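Everything on this sheet refers to the single structure shown next.
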Amino acid sequence: MLQLPCLLRGVEFHDRSAMYRMRAAAGSYHYTGSAFQTRWKEPFVYESDFEQSVFELRRDKLRQMEALGQASYPNRFAASHTLPAIHAAYDAATGEQLEQERVTVAVAGRLMAIRAQGKAGFAVLQQGGARLQIYVRLDAVGEQGFALYKLLDIGDHIGVTGYLFRTRTGELTVHVDTLTFLSKAMLPLPEKYHGLADQELRYRQRYVDLFMNPPVREVFVKRAAVLRALRKYFDSRGYLEVETPMMQPIAGGAAARPFVTHHNTLDMDLYLRIAPELYLKRLVVGGLDRVYEINRNFRNEGISTQHNPEFTMLEFYQAYANYHDLMYLTEELIQFVAMEVNGTTKTTFNDVEIDLAHWQRYSMREAIIHFWPEKAGAKPEMPEFANADGVRAMAHRLRDSGTYFAFDDGAPAGNNIAAIFEAVAEDHLIQPTIIYDFPLSVSPLSKQKPEEPEWVERFEFYIGGFELGNAFSELNDPVEQRNRFAQQLAERERGDAEAHAMDEDYVRALGFGLPPTGGEGIGIDRLTMILTGSRSIRDVILFPLMRPQAKDAEKEPAPSA
RNA sequence: GAGCGCGUAGCUCAGGUGGUAGAGCAACGCACUUUUAAUGCGUGGGUCCUGGGUUCGAGUCCCAGCGCGCUCACCA
């Protein structure tokens, strides 16, 4: 990691301290101001004297190992089995069977425990998410092998050959013949019993979290299974996986604030995409009738247990389909993914069992009526939703009952209906629920309902109390689309920073004819949360965004009291 | 952005009403050839998040700040 030239990702710094600060901000080390100058000359950046002394002791052990004929950083080990394969094949074998067969194996892994016992000792290897005990004794590995064993530390990678047996307590164990040193842990591992528990350290040092806390590994194995299942579903139904721009001149396709970046040669600002939607629909215009994309979106907004500034979304579009088709598809897709990933449609989230095989459907208006809180008085009735006065009245009833929500009297009635829905219904939508028919004013890209032009053919689905997906019959009338964008611009003028921007090229694409199309986006991080029972989005993102951890020299001087 | 909670050794944590910092694991040394949170004896290890204040004296009390977590708001 340490690079002496004043270069960082192609940026040349004339002021070295500026480079240090930027590197610190990038998280590659802790900038410690003046103390840094001396530490820079060390072979490693230490966080404490303790760490430095451990590091130096272990460098000395490496030298001793070299004296024993071991390479300090060898480049391969030919294992005969992974540890999961050993368990799969021999967990059922008895001690007698192992004694007769005398199965010899070569396995490698990270040492997670060492129990030395004079001229013998046990150790535990971890690899591939599994653990296996090894037994090393002087009369089996010889003087040199045993000397090496004594130089090992918890965290080191080693390879061993030997035969399988069961110990007195019945544990499957490798009786080691030869010991090969593979790589040293120069830093001490966290405490072996409690592991790494500090939530901040776990997110910041995921590399440690992953090998110290096995359930973390499981979550990310399942996340990969989710992606695999989604691709399997769409690939087998004739959808083409595509990749569309993440750097866009106009950030469109969603109501959100974008990140801005800059291209030097073209000297132009670009936005990191907030959604791939408009590009995917251009592809449907181009004749790619069924497309999907799974990748990152970026939204320059708050961070919470359900929001990370970059998150992964699946979006798919299907020509000749409408939102009803997508409702059925959604129910089938979520069940399919659950079965592929967990082998069951049941999952537990926030201590509640959720059955992904049973879905409910409400229109947004029905949901508001159904979940209307008792303390807010009379339930709204359908006609009240039809005009601004009715909506204002129900908003006041709700407000007066003490439910806070963002009512904006100047905004279109539809915006307030959507706000009321979120305030009264969202928390109740624990079991899989589809909410359909959204107000036109919050849906600039959806097709209107033929018989109710103030409402659109759009649905969202909720599981665990939050939104996982959003779908609609796509608006394909270029003239109407241009009007919608114009209305959004007016909203933007009014101060709505998330109102949609005008995208003339997209309107032009519609001018060439978009077939009737259904499209949907599903939050993969949130889906993974549901399927793994993870309460925070940070638990399903390997490296969630964290504030850079700058130490004292980086901080603003505190004002004196 | 607001409220609440947390921040002490590499890690996990103790430190009533202020009196000068502790344990376990990890590390180092010694003993131990079927242990498994191995065991026994010994040693070293601290900017008590940062800055300021009160006080004879602050890990502890007060103020400000930083970081993280949770809840709320915005958002998917």
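What you see is a predicted model; the values in this text were computed from it and never measured. Protein chains get the first letters and strands the later ones, always in sequence-line order, with residue 1 at the start of each.
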Atom CZ of A/R59 and atom P of B/C28 are separated, to the nearest Å, by 17 Å
- Task: Would you classify A/G195 as touching base, sugar-phosphate or nothing, given that sugar-phosphate means primed atoms plus P, OP1 and OP2, and contacts are heavy atoms under 4.0 Å?
- Result: sugar-phosphate
message = Under 3.5 Å, is there a donor on one side chain and an acceptor on the other for A/E56 and A/Q52?
response = yes
A/A197 has its side chain closest, among B/U35, B/U12, B/A37, to B/U12
Counting any heavy atom closer than 4.0 Å, what does A/L187 reach on the DNA or RNA strands: base, sugar-phosphate only, or nothing? nothing
Rounding to an integer number of angstrom, what distance separates B/C61 and B/C6 when you compare their P atoms? 10 Å
Checking A/L429, A/I530, A/D427 against A/F466 for side chain to side chain contact (heavy atoms under 4.5 Å, CB included), the one that qualifies is A/I530
A/R166 CZ to B/U34 P, in whole Å, measures 19 Å
Pairing partner of B/U60, by Watson-Crick or G-U wobble and under 3.5 Å for both distances, is none
### Task
Would you indicate what A/S536 reaches in the nucleic acid, counting non-hydrogen atoms under 4.0 angstrom: base, sugar-phosphate, or nothing?
sugar-phosphate
Taking every heavy atom of A/F421 against every heavy atom of A/I368, the minimum-distance pair comes out as CA-CG1, 3.7 Å
C1' atoms of B/A9 and B/A23, separation to the nearest Å
11 Å
Quiz item: Going by atom types only, do A/Y317 and A/E315 share a side-chain donor-acceptor pair under 3.5 Å?
Solution: yes
task: For nucleotides B/G15 and B/G7, find the distance between their C1' atoms and express it as a whole number of Å.
output: 15 Å
From the candidates B/C11, B/G10, B/C28, the one with an atom nearest any side-chain atom of A/P188 is B/G10
Between CG of A/N415 and C1' of B/C74 the distance, given in whole Å, is 14 Å
A/I114 atom CD1 is separated from B/A27 atom C1', nearest whole Å, by 12 Å
Note: for A/K150 and A/E310 on RNA chain B, the residue whose nearest nucleotide lies more 5' is A/K150
The correct set of residues in residues 127-146 of chain A placing a heavy atom under 4.0 Å from RNA chain B is A/Q133, A/Y135, A/R137, A/D139
Margin query: Please classify the nucleic acid contact of A/E171 as base, sugar-phosphate, or nothing, using heavy-atom distances under 4.0 Å.
Written below: base
Review point. For A/Y279, does the OH atom sit with more than 12 other heavy atoms under 6.0 Å from it, leaving out its own atoms?
Key: yes
Using a heavy-atom cut-off of 4.0 Å across all strands, would you classify A/E301 as base, sugar-phosphate, or nothing? sugar-phosphate
Here the distance between atom C1' of B/A26 and atom NZ of A/K61, to the nearest Å, is 11 Å
Scanning all shown strands, the Watson-Crick or wobble mate of B/U55 with both distances under 3.5 Å is none
### Query
Are A/R223 and A/T312 linked by a side-chain donor-acceptor pair shorter than 3.5 Å?
yes
A/M212 CE to B/G10 P, in whole Å, measures 16 Å
To the nearest angstrom, the CD-C1' distance between A/E191 and B/U12 comes to 5 Å
Considering only heavy side-chain atoms of A/T167, the closest of B/G44, B/U35, B/U33 is B/U35
- Query: When rounded to the nearest Å, what value does the distance between C1' atoms of B/A37 and B/G24 take?
  - Reply: 10 Å
Measure centre to centre between the rings of A/F371 and A/Y362, then say whether the value is under 6.0 Å.
yes
Taking atom C1' in both B/U39 and B/U71, what distance in whole Å separates the two? 47 Å
Which of B/A38, B/A76, B/C11 is nearest the side chain of A/L201? It is B/C11
A/E200 atom CD is separated from B/G5 atom P, nearest whole Å, by 19 Å
task = Classify the nucleic acid contact of A/N300 as base, sugar-phosphate or nothing, counting any heavy atom under 4.0 Å across all strands shown.
result = nothing
Of all heavy-atom pairs linking A/R166 and A/Y90, the shortest is NH2-O, 3.2 Å
pair_partner(B/G24), Watson-Crick or wobble, both distances < 3.5 Å, evaluates to B/C11
Item checked: Whole-Å P distance, B/U47 and B/A38 -> 29 Å
For B/C68, the nucleotide meeting Watson-Crick or G-U wobble distances (both under 3.5 Å) is B/G5
Closest to the 5' end of RNA chain B, once A/R526 and A/D539 are matched to their nearest nucleotides, is A/D539
* To do: Classify the side-chain pair A/S441/A/N415 by whether it contains a donor and acceptor separated by less than 3.5 Å.
  => yes
inquiry  = Can a side-chain donor-acceptor contact be found between A/D400 and A/H396 if the only test is distance below 3.5 angstrom?
reply    = no
Among the nucleotides B/C28, B/G24, B/U35, whichever has the atom closest to the side chain of A/D153 is B/C28
When both distances are under 3.5 Å in a Watson-Crick or G-U wobble arrangement, the nucleotide paired with B/U39 is B/A31
Kindly indicate whether the side chain of A/R168 and the base of B/U34 share any N or O donor-acceptor pair separated by less than 3.5 Å?
-> no
Using a cut-off of less than 4.0 Å, is there contact between a side-chain N or O of A/R115 and OP1 or OP2 of B/U39? no
Take atom C1' in B/G22 and the same atom in B/G46, then report the distance between them in whole Å.
11 Å
Q. So, A/F466 and B/A76: ring centres less than 5.5 Å apart, planes less than 30° off, yes or no?
A. no
| said: Under a 3.5 Å threshold, yes or no: a donor from one side chain and an acceptor from the other, between A/T330 and A/E520? | reply: yes
Counting the atoms with a prime plus P, OP1 and OP2 as sugar-phosphate, which does A/R257 contact under 4.0 Å by heavy atoms, base, sugar-phosphate, or nothing? nothing
(Q) Taking the P atom in each of B/G44 and B/C62, what is the distance between them to the nearest angstrom? (A) 36 Å
Using a cut-off of less than 4.0 Å, is there contact between a side-chain N or O of A/T305 and OP1 or OP2 of B/U71?
yes
Applying the 3.5 Å cut-off to both distances, the Watson-Crick or G-U partner of B/G46 turns out to be none
Next item on the list: For B/C25, take OP1 and OP2 only and decide whether either is under 4.0 Å from a side-chain N or O of A/K192.
Entry: no
ask   = Reckon A/R535 touches a base, only the sugar-phosphate, or nothing at all at heavy-atom distances under 4.0 Å?
value = nothing
